[in-house]
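In what follows, a single structure is set out as structure tokens and then discussed.
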Amino acid sequence: MRAIGALFALDLVSIPTINAFRRLATSMDKFSKVASEEFLKLPRISLRSCEMYLSGSHNLAYFLRVTPHPLRSPARAYCLYASKRNFVDCFHEIQDLIEGDRGGGSGGGVAGFSTYEALVNACIGLKSIRGARRVHGYMMRSGYEADLYLANRVLLMHVKCGMVGDARKLFDEMPERNLTSWNITIGGLVDGGEYWEAFGLFLMMWGEVSDASSRTFVTMIRGSAGLGEVFVGRQLHSCVLKMGVHSDMFVSCTLIDMYSKCGFIEDARRVFDGMVEKTVVGWNSIIAGYALHGCGEEALGLYYQMRDLGVKMDYFTFSIIISICARLASVEHAKQAHAGLVRQGFVSDVVANTALVDFYSKWGKIEDAQRVFDGMSVKNVMSWNALIAGYGNHGRGIEAVEMFERMVSKGLVPSHVTFLAVLSACANSNLSDEGWEIFESMSRDHKIKPRAMHYACMIELLGREGLLDEAFSLIEDAPFSPTKNMWAALLTACRIHRNFELGKFAAEKLYKMEPEKLSNYIVLLNVYNSSGRFEEAKSVIQTLKDRRLRLLPACSWIEVGKKPHFFLFGDKSHVQTEEIYKKLDAVMLEIRTEGYVPVGKHLLPDVEEQEEHISSYHSEKLAIAFGLVSTPSFTPLQVVQGHRICGDCHDVIKLIALVTRREIVVRDASRFHHFKDGTCSCRDYW
DNA sequence: GTAGGGTTAG
């Protein structure tokens, strides 16, 4: 014990108690056994031997490498290492040490600057509230007077452990402060989402010390991004210019991020273009900005520009790019980003890999998603969520529930997103019992209050079973006012089960909430059409006209030969148009032998052109026809479309999958349709 | 032996 105490205090003259080191050695299995034995034979322990002993460990070397300010003593390294591995034990040791000292024990192992600094650093690294409380407690009780440097570290420790309130109190009581103290406290408030509070303190700082550094501005700009208030951000931008710190790359990057998060991508671009030295973070920020604005193509363009300029990419870059690809379902770009990730050695990054899991599942390759997931050395809740959502979207609810159960049994804490993923999986696959059990377990076992989206899943679940009245009561009984998602779920159910009364009711609620959203009118139109109420259907069309709402051209695309090919409704712009239409007509004839009858009732209301043959040339059919002519037989096809698939296309694609013996995955605006052997994974409910 | 700051995934 003493020996460990001595270690901490860097006072390595005393002979170690062999037992203490033996305990150490057994608690740290990674230490080389031989090294420990040799070490224990030493009659005296010097700083040097200590270093050698500790450096025998792989992990220690790693810590030394990654710690921004190289650890200057083995004591600190030890502390960081021990606490990383076994926090509780580490603190027991220190408790003994400190209490031993207070009892007037000999040996001189005092908890001094190094000990505290090491402990504080460990807590910062670990974000351990318990540890932070303990360390701070020791300091207070022992009456140790920290200098400004250490006091600031303690402040930071509180901030990083999420104890912003305590940090604020500490800050107020500090006998002496400097810019760093202010910056740390303001940063803590911003991190904790208390933006206005942060602004208050910032103004106080301005009044009290009439100074601020670029670091302060970085924090405050981040705060205005959090608020989503561009006028605050703009004011800070002018302050930055006046103070002459605008060329600071940290400032520029935060500005880019702030402008894009506030919806001003052009301003973000201007800041980016003005960067003297464009760092990788600057590139990442602007690319993420374009991605956020749905400009995936623009984002990819910048990414290739970045590559051509030889900017070294990091794991952020790949994560962003992969998530863009997931949205675009762009295989070729994603494959390259995946390769880049591997080449540059970021294979073990959680975020990038989670993005990959998401990508593969959105691309329709759920097995590949599972493979990436299985290969991940570090997984967090989000990684599990991505996989569960993947199974759910592919109509594989049983696997989704299995994954959910496995995740919980591993001791991970599911978040509300996890529940969203697993409940929607249950809804997609008609797993009623499982769904209700999980829904009820949310508040019972996991202390998570179901939100509107969770209710929407349950409404969908009931709706699939045709229990429309029950679904309606669930909306009425919800502990909050119903949201559009809940009404939309009910409306969909009404469409499938042809309940036009309730459907109309739900649709009217929706019109009020989002009058400009076309899809609501269309679903109601389908409700009427499918139940033969053409008069009502006409009135919906009239409403559409009155409100000057027009359908955006529906667009589908398919990637063939490393290139996306886009199709609009009735599109004849593709170079292979003739071939495509010929193939489509041929295959439409072929599926008639399988019992296909064109149905008008599912028609998407192209308002002006309500004719039967029109749905033959819906964009998804054209994309599939192109896939059929330009890929070898039996190749699976992946189609993405920006709107919801219509009933006729759904029937047709099922049969095309059957007659051509191809797997066809269509990702529409709401889910995946996995067509195989004449059936679809959505079980005809979408 | 001198801190504090920017970008990513469900």
Side-chain angles (χ1 to χ4, degrees), chain A residues 68-73 76 113-114 117 120-121 124 147-157 159-160 178-188 190-191 212-223 225 245 248-258 260-261 268 271-272 275 279-289 291-292 313-327 341 346 349-359 361-362 369 373 376 379-390 392-393 414-422 424:
Chain A
H69 298 280
L71 293 165
R72 293 164 203 96
S73 72
R76 285 182 220 170
F113 180 89
S114 302
E117 195 202 13
V120 167
N121 283 342
I124 292 171
D147 61 3
L148 184 55
Y149 164 73
L150 196 55
N152 280 341
R153 293 298 292 175
V154 170
L155 196 60
L156 184 71
M157 172 175 77
V159 161
K160 292 286 177 200
N178 58 9
L179 264 184
T180 308
S181 330
W182 287 94
N183 288 344
I184 291 171
T185 315
I186 295 174
V190 168
D191 285 339
S213 63
S214 62
R215 291 178 146 90
T216 324
F217 285 109
V218 165
T219 309
M220 292 319 303
I221 295 166
R222 204 153 53 85
V245 287
D248 182 298
M249 54 192 177
F250 285 93
V251 171
S252 308
C253 295
T254 329
L255 279 172
I256 295 172
D257 185 54
M258 183 274 295
S260 73
K261 284 198 175 127
V271 176
F272 174 74
M275 276 179 88
T279 60
V280 60
V281 183
W283 284 96
N284 292 346
S285 306
I286 190 73
I287 291 174
L292 190 71
M313 298 169 183
D314 61 6
Y315 52 93
F316 274 85
T317 322
F318 294 116
S319 306
I320 299 163
I321 295 303
I322 292 166
S323 70
I324 292 171
C325 294
R327 244 169 298 156
L341 194 77
F346 301 125
D349 180 63
V350 209
V351 179
N353 277 294
T354 301
L356 271 175
V357 170
D358 183 44
F359 163 74
S361 86
K362 287 206 173 107
F373 182 85
M376 286 169 74
K379 297 173 186 125
N380 60 22
V381 176
M382 288 195 189
S383 326
W384 285 88
N385 293 351
L387 188 71
I388 294 171
N393 287 333
S415 69
H416 70 272
V417 184
T418 317
F419 284 106
L420 191 57
V422 71
S424 93

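Just so it is clear: chains get the letters A, B, ... in the order the sequence lines come, proteins before strands, and each one is counted from 1. On a predicted model such as this, the values are computed, not experimentally measured, just so you know.
Rounded to a whole Å, the CE atom of A/M220 is 15 Å from the P atom of B/dG5. A straight line from CG of A/L148 to C1' of B/dG1 spans 14 Å, rounded to a whole angstrom. The separation between A/L387 atom CG and B/dA9 atom P is 19 Å, rounded to whole Å. Taking atom CD1 of residue A/I221 and atom C1' of nucleotide B/dT7, one finds them 14 Å apart after rounding to whole Å. Atom P of nucleotide B/dG10 and atom CD1 of A/I322 are separated by 12 Å, given to the nearest angstrom. Here the C1' atom of nucleotide B/dG5 and the CG atom of A/N284 are 16 Å apart, to the nearest Å. Distance, A/F316 CZ to B/dG6 P: 10 Å, rounded to whole Å. In this structure, the CE atom of A/M275 is 14 Å from the P atom of B/dG6, given to the nearest Å.
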Note to self: Let's go through A/D314 and A/T317 carefully: what are the C-alpha distance in whole Å and the side-chain angles of both, what is the deciding distance for side-chain hydrogen bond (donor to acceptor under 3.5 Å, both in side chains) to 0.1 Å, and is it a yes or a no?
What the structure shows: CA-CA 5 Å; A/D314 61 6; A/T317 322; 2.9 Å; yes
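You'll find that the side chain of A/Y149 is closest to B/dT2, out of B/dT2, B/dG5, B/dA9. Relative to the side chain of A/V381, the nucleotides B/dT8, B/dA9, B/dG10 differ in distance, and B/dG10 lies closest. The side chain of A/T254 sits closest to B/dG6 out of B/dG4, B/dA3, B/dG6. Here B/dG10 is the nucleotide among B/dG4, B/dT8, B/dG10 with the atom lying nearest to any side-chain atom of A/K362. The side chain of A/R215 approaches B/dG5 more closely than any other nucleotide in the set B/dT8, B/dG5, B/dG6. Comparing B/dT7, B/dG5, B/dG10 by their nearest atom to the side chain of A/V281 picks out B/dT7. For A/M382, whose side chain is taken as the heavy atoms from C-beta onward, the closest listed nucleotide among B/dA3, B/dG10, B/dT7 is B/dG10.
Between the side chain of A/N353 and the backbone N or O of A/D349, at least one donor-acceptor pair lies under 3.5 Å.
In terms of polar N and O atoms assigned as donor or acceptor, the side chain of A/N380 never comes within less than 3.5 Å of the base of B/dG10 in a complementary pairing. A donor and an acceptor atom never sit less than 3.5 Å apart when one is taken from the side chain of A/T219 and the other from the base of B/dG5. Counting distance only, with no hydrogens placed and no angle test, the side-chain atoms of A/T216 and the base atoms of B/dG5 include no donor-acceptor pair under 3.5 Å. In the interface, the side chain of A/N353 is not paired with the base of B/dA9 through any donor and acceptor atom under 3.5 Å apart. Scanning atom types as modelled, no donor and acceptor separated by under 3.5 angstrom connect the side chain of A/S285 and the base of B/dT7. A donor-acceptor contact under 3.5 angstrom links the side-chain atoms of A/T279 to the base of B/dG6.
For the OP1/OP2 pair of B/dG5 and a distance below 4.0 Å, the side-chain nitrogens and oxygens of A/K160 include at least one atom meeting the criterion. Contact annotation: A/R222 does not reach the phosphate of B/dT7 (side-chain N/O to OP1 or OP2, under 4.0 Å).
Contact annotation for A/L179: base contact, defined as any heavy-atom pair under 4.0 Å involving a base atom. Residue contacts shown for A/S383 are absent, as no nucleic acid heavy atom lies under 4.0 Å away. The residue A/D358 sits close only to the backbone: its heavy atoms come under 4.0 Å of sugar-phosphate atoms, none of a base.
In this structure, A/F250 does not count as stacked on the base of B/dG6 under the 5.5 Å centre distance and 30° plane angle limits.
Among the candidates A/N284, A/I321, A/V351, the single residue satisfying the side chain to side chain contact (heavy atoms under 4.5 Å, CB included) test with A/F316 is A/N284.
Using cut-offs of 30° and 60° for the angle between ring planes, the A/F373 and A/W384 rings count as perpendicular.
The ring-ring contact (aromatic ring centres under 6.0 Å, His included) test applied to A/F272 returns A/W283, not counting sequence neighbours. Contacts of A/D191 classified as salt bridge (Lys or Arg N to Asp or Glu O under 4.0 Å), with partners at least two apart in sequence or in another chain: A/R222.
In this structure, the side chains of A/L156 and A/T180 stay at 4.5 Å or more apart for every pair of heavy atoms.
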